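See below for the structure under consideration.
A note on names: the letters A, B, ... follow the listed sequences, proteins ahead of strands, and every chain is numbered from 1. Side chains are part of it too, since the values below use all heavy atoms of this structure and drop only hydrogens, waters and symmetry mates. As the structure is a computational prediction, the values presented were derived from the model and not from experiment.
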2 protein chains.
Amino acid sequence: MLDNTDLKILKLLKSNCKMQFRDIGEVVHLTGQAVSNRISRMEHFGVIKGYTVLLDEKMLNKSLTAYITIFMKTTNHEVFCEFLSNNESVLEANRISGEGCYMLKIQVNSQEDLNDFLDSVLKYGNYRVNISIGKIK
Amino acid sequence: MLDNTDLKILKLLKSNCKMQFRDIGEVVHLTGQAVSNRISRMEHFGVIKGYTVLLDEKMLNKSLTAYITIFMKTTNHEVFCEFLSNNESVLEANRISGEGCYMLKIQVNSQEDLNDFLDSVLKYGNYRVNISIGKIK
DNA sequence: ATAAATCCTTTCCTGGAGAAAGCAAAAAAC
DNA sequence: GTTTTTTGCTTTCTCCAGGAAAGGATTTAT
């Protein structure tokens, strides 16, 4: 399904998806056309889900990153999942095994916004907060 | 520094950074040129850090996602941070307040790879593992 | 051995993006 | 209050990246 060349292409796209097909082709020893074909195929197949931009969140004042472990109080997971999906502060949300039910990654502007967020979480469950004090990666 | 139009543009780019400037312009009521200028400015300023691709990790057999909290045993954080930076399985790594010292997000192919990873972590510290059993977001 | 499918290259053409010039409005200087 | 400068937009023009189509090589099926 995906050969080594495809994986190389994906790696290049991950580092810069605006890279020109011809330049990608030079790396993987193909013409731009062949690269284009492979990429379309991967888009169509669903391996490539989309193209996005990496932002410096600090400059956007989204300075507060936190990981939040949720311990559900209610059994109404559907409503909670909907809440997560619709909430702009939630960057990631995974159901987890181990301690807790969900692990969230959120990003907000201020301590106050964090408080507000946690308040709104409270009706679904309890939480453990780990605030990021430095991004390594 | 960034006005409302810039933020709208960023939002559009986040949903699809290959969107054509003219189409973006239609949304924010500008010509493609003006949009292009604004984007160049934001790239130059550093708000836009890069362009990347969203992949379906499941199709790449990177099926196992986990959040790992690290409790350092040693005080040699530098070496550990270097380890994190160089390790391909580590998607995110943040120093945290609260319980633990670091929060990692990793992605591997198998339970075995997870074991290997945890083994290599052990020389730096102890860990708590939360394996993702479902991605909500 | 022939037919079909796959994946590549080559060629051609369209249209997006960048550069340059010109314009208008706001900000700064006097 | 008028002039000058700056800023950010539009318009115009040009070039090249990307998509489409056609043709060829290699592999798979019959």
Side-chain angles (χ1 to χ4, degrees), chain A residues 1-63 88 91 107-110 113, chain B residues 1-63 88 91 107-110 113:
Chain A
M1 159 60 211
L2 287 182
D3 64 14
N4 214 24
T5 305
D6 289 323
L7 295 178
K8 274 189 206 162
I9 292 173
L10 289 181
K11 203 165 185 177
L12 290 169
L13 288 179
K14 209 163 187 183
S15 74
N16 175 18
C17 72
K18 286 204 169 181
M19 199 170 170
Q20 288 178 11
F21 293 174
R22 198 212 301 165
D23 294 341
I24 296 177
E26 265 178 36
V27 178
V28 300
H29 306 297
L30 285 176
T31 59
Q33 281 315 308
V35 172
S36 172
N37 290 340
R38 279 166 176 268
I39 290 178
S40 317
R41 209 191 64 222
M42 290 192 281
E43 285 172 354
H44 196 256
F45 195 76
V47 184
I48 295 176
K49 290 197 292 185
Y51 299 93
T52 189
V53 67
L54 290 171
L55 302 178
D56 190 323
E57 307 290 349
K58 274 181 202 158
M59 291 195 185
L60 294 168
N61 292 325
K62 292 272 184 181
S63 46
E88 278 218 338
L91 298 187
Q107 208 154 44
V108 291
N109 295 313
S110 61
D113 288 357
Chain B
M1 157 60 211
L2 287 181
D3 64 15
N4 213 24
T5 304
D6 288 324
L7 294 178
K8 273 189 207 164
I9 292 173
L10 290 181
K11 203 165 185 176
L12 290 168
L13 289 179
K14 209 163 188 183
S15 73
N16 175 19
C17 72
K18 287 204 169 181
M19 199 171 171
Q20 288 177 12
F21 293 173
R22 197 212 301 164
D23 294 341
I24 296 177
E26 266 178 36
V27 179
V28 301
H29 306 297
L30 284 177
T31 59
Q33 282 315 308
V35 172
S36 173
N37 290 339
R38 279 165 176 267
I39 290 178
S40 318
R41 208 191 64 222
M42 290 191 281
E43 285 171 354
H44 195 256
F45 196 75
V47 185
I48 295 176
K49 289 196 292 186
Y51 299 93
T52 190
V53 66
L54 289 172
L55 302 178
D56 189 323
E57 308 289 349
K58 276 181 202 158
M59 291 195 184
L60 294 168
N61 292 324
K62 292 272 184 182
S63 46
E88 277 219 339
L91 298 186
Q107 207 153 46
V108 292
N109 296 311
S110 62
D113 287 358

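- For the residue pair A/M59 and B/F45, the shortest heavy atom distance occurs at CE-O, 3.4 Å.
- End-to-end axis angle for the helix from C/dA1-D/dT30 to C/dC30-D/dG1, using five pairs per end and rounding to 10°, comes out at 40°.
- The line from CG of A/L30 to NZ of A/K8 is 9.5 Å long, rounded to the nearest 0.5 Å.
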Practice item. Begin with the C-alpha distance, continue with both residues' side-chain angles, and end with the deciding distance and a verdict on side chain to side chain contact (heavy atoms under 4.5 Å, CB included) for B/M42 and B/L2. Key: CA-CA 9 Å; B/M42 290 191 281; B/L2 287 181; 3.7 Å; yes
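- Proximity of residues 20-42 of chain A to DNA chain C (heavy atom under 4.0 angstrom from any strand atom) is restricted to A/L30, A/T31, A/Q33, A/A34, A/R38.
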When the side chains of residues 9-28 of chain B are checked against the rest of the protein, which donor-acceptor pairs come out under 3.5 Å, sequence neighbours left out?
residue : atom : partner : partner atom : Å
B/K11   : NZ   : A/E88   : OE2          : 3.3
B/S15   : OG   : B/L12   : O            : 2.8
B/N16   : OD1  : B/K18   : N            : 3.0

Exercise for review: Please lay out, stage by stage, how A/L55 and B/I48 fare under the test side chain to side chain contact (heavy atoms under 4.5 Å, CB included).
Suggested key: CA-CA 5 Å; A/L55 302 178; B/I48 295 176; 4.0 Å; yes
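- Put simply, chain B comes within 4.0 Å of DNA chain D, heavy atom to any atom, from D/dC9 to D/dT11, going 5' to 3'.
- Put simply, chain B comes within 4.0 Å of DNA chain C, heavy atom to any atom, from C/dG16 to C/dA19, going 5' to 3'.
- Residues passing the side chain to side chain contact (heavy atoms under 4.5 Å, CB included) test with A/S110, sequence neighbours excluded: A/E112, A/D113.
- Residue pairs meeting the side-chain hydrogen bond (donor to acceptor under 3.5 Å, both in side chains) criterion with at least one partner in residues 33-56 of chain A, sequence neighbours excluded, are A/D3-A/R38, A/D6-A/R38, A/D6-A/R41, A/E43-A/Y51.
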Practice item. Could you walk me through whether B/T5 and B/V35 pass the side chain to side chain contact (heavy atoms under 4.5 Å, CB included) test, one step at a time? Key: CA-CA 9 Å; B/T5 304; B/V35 172; over 6 Å; no
